[in-house]
Visitor: 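Below you will find the structure I want to go over with you.
Scope of the values below: all heavy atoms of this structure, side chains included, with no hydrogens, waters or symmetry mates.
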Amino acid sequence: MNQESSTQLPAPARHFSVLLSSTPRGARLARILAISWLRDWRLSPGVIDTAEHLVAELAANAATHGRPPGRNFRLVLLASADALRVEVADARGDDLPRRRPTSPDAESGRGLILVEAFADRWGVSLGPVPRKTVWAEIDLLPPHPPAGPEHGGPCSGPAGHLL
């Protein structure tokens with residue numbers, strides 16, 4: 001017997017995953033593939049630009065710091081109605097991302113600052129051994145402004161006065 005339900009299932013998340021070599025070439029390919037996938041899903045240009053920076057930085061970090069010989073890294077993109085999640089997993093769970101002191105003329109060492117600037121949230125998940133996954137999320141829905149008189153919301157005027 002078929003029964004119809006009035007509840008709707010949430011929109012499925014869109015998913016992309018690829019295994020790449022832990023080399024500068026693999027990091028470049030991660031960025032190129034991510035941009036192509038994001039454009040295919042018609043995400044906004046601003047989201048695509050932000051995601052491109054995150055993928056480039058996380059993939060470069062995996063290729064530079066997360067590469068034991070013969071191991072690859074995995075790029076995963078997950079898009080739901082609310083957020084885009086970028087994940088890069090490598091085989092160096094013993095080497096967690098951390099800010100490193102840099103001099104003003106240093107050519108590297110600012111990656112996590114960029115990730116923090118571009119992502120709405122980011123973090124690290126461990127496992128299974130020896131893997132770690134560094135992830136970053138970008139909100140896709142604009143934040144709702146607080147309701148109130150200073151933000152154009154409803155107002156009854158100052159106490160004791162009618163508008």
Side-chain angles (χ1 to χ4, degrees), residues 7-146:
T7 59
Q8 294 182 355
L9 295 174
R14 295 166 280 189
H15 180 265
F16 173 81
S17 177
V18 63
L19 191 63
L20 298 161
S21 65
S22 291
T23 63
R25 184 176 184 177
R28 274 192 311 277
L29 186 55
R31 185 180 58 79
I32 291 166
L33 292 171
I35 292 168
S36 177
W37 184 82
L38 295 167
R39 285 182 180 152
D40 285 349
W41 282 102
R42 293 182 172 85
L43 293 175
S44 75
V47 169
I48 293 172
D49 289 345
T50 300
E52 178 181 4
H53 289 294
L54 289 171
V55 169
E57 191 55 47
L58 296 178
N61 284 348
T64 303
H65 304 292
R67 61 177 198 187
R71 297 293 183 122
N72 298 318
F73 73 90
R74 178 170 300 280
L75 168 67
V76 176
L77 302 174
L78 299 163
S80 68
D82 301 335
L84 171 67
R85 183 176 176 110
V86 175
E87 297 181 352
V88 174
D90 66 46
R92 288 292 310 270
D94 61 322
D95 187 16
L96 298 180
R98 64 187 181 283
R99 283 190 186 179
R100 293 176 171 93
T102 59
S103 64
D105 58 343
E107 293 183 15
S108 64
R110 295 177 187 85
L112 289 181
I113 295 169
L114 293 172
V115 170
E116 288 174 354
F118 285 111
D120 291 303
R121 289 165 300 287
W122 76 277
V124 179
S125 302
L126 295 175
V129 173
R131 185 170 58 186
K132 75 169 175 295
T133 301
V134 182
W135 57 267
E137 292 182 342
I138 305 164
D139 290 332
L140 298 179
L141 298 176
H144 297 290

Visitor: How close do Ala89 and Arg131 get, counting heavy atoms only, and between which atoms?
Guide: CB-CD, 3.6 Å
Visitor: Tell me the closest heavy-atom pair linking Asn72 and Ser21, and the distance in Å.
Guide: OD1-CA, 3.4 Å
Visitor: Can you list the steps and then say if Leu140 with Val47 is a side-chain contact (heavy atoms from CB on, under 4.5 Å)?
Guide: CA-CA 8 Å; Leu140 298 179; Val47 169; 3.7 Å; yes
Visitor: Kindly say whether Ala60 contributes a backbone atom to a donor-acceptor pair with the side chain of Thr64 at under 3.5 angstrom?
Guide: yes
Visitor: Ignoring hydrogens, what is the shortest heavy-atom contact between Arg71 and Ser22? Give both atom names and the distance.
Guide: O-OG, 3.2 Å
Visitor: Does a side-chain heavy-atom distance below 4.5 Å link Ile138 with Thr50?
Guide: yes
Visitor: Find the distance between CZ (Phe73) and OG1 (Thr133) and round it off to the nearest 0.5 Å.
Guide: 12.5 Å
Visitor: How close do Ala63 and Thr23 get, counting heavy atoms only, and between which atoms?
Guide: CB-O, 3.4 Å
Visitor: For the residue pair His53 and Phe118, does the interplanar ring angle fall in the parallel (under 30°), tilted (30 to 60°) or perpendicular (over 60°) class?
Guide: parallel
Visitor: Less than 4.0 angstrom from a charged side-chain N to a carboxylate O is my criterion; do Asp90 and Lys132 meet it?
Guide: yes
Visitor: Among Leu75, Leu77, Leu78, Val76, which residue satisfies the side-chain contact (heavy atoms from CB on, under 4.5 Å) criterion with Ser17?
Guide: Val76
Visitor: What distance separates Asp139 CG from Asp82 CG, expressed to the nearest 0.5 Å?
Guide: 8.0 Å
Visitor: Quick one: does Val115's side chain get under 4.5 Å of Leu58's, heavy atoms only?
Guide: yes
Visitor: Can you tell me how far CG of Leu43 sits from CG of Asp49, rounded to the nearest 0.5 angstrom?
Guide: 11.5 Å
Visitor: Once rounded to the nearest 0.5 Å, what's the spacing between atom CG of Asp40 and atom CG of Leu38?
Guide: 9.0 Å
Visitor: Measuring from Asp120:CG to Glu137:CD, what's the distance to the nearest 0.5 Å?
Guide: 8.5 Å
Visitor: Can you measure from CZ (Arg74) to CD (Glu87) and round to the nearest 0.5 angstrom?
Guide: 10.5 Å
Visitor: Looking at Arg85 and Trp135, what are the two nearest heavy atoms and their distance?
Guide: NH2-CG, 3.1 Å
Visitor: Is there a side-chain contact between Trp122 and Leu54 in this structure, where contact means two heavy atoms from C-beta onward sitting under 4.5 Å apart?
Guide: no
Visitor: I'd like to know whether CZ of Arg25 has more than 12 heavy-atom contacts from other residues, nucleotides or ligands below 6.0 angstrom.
Guide: no
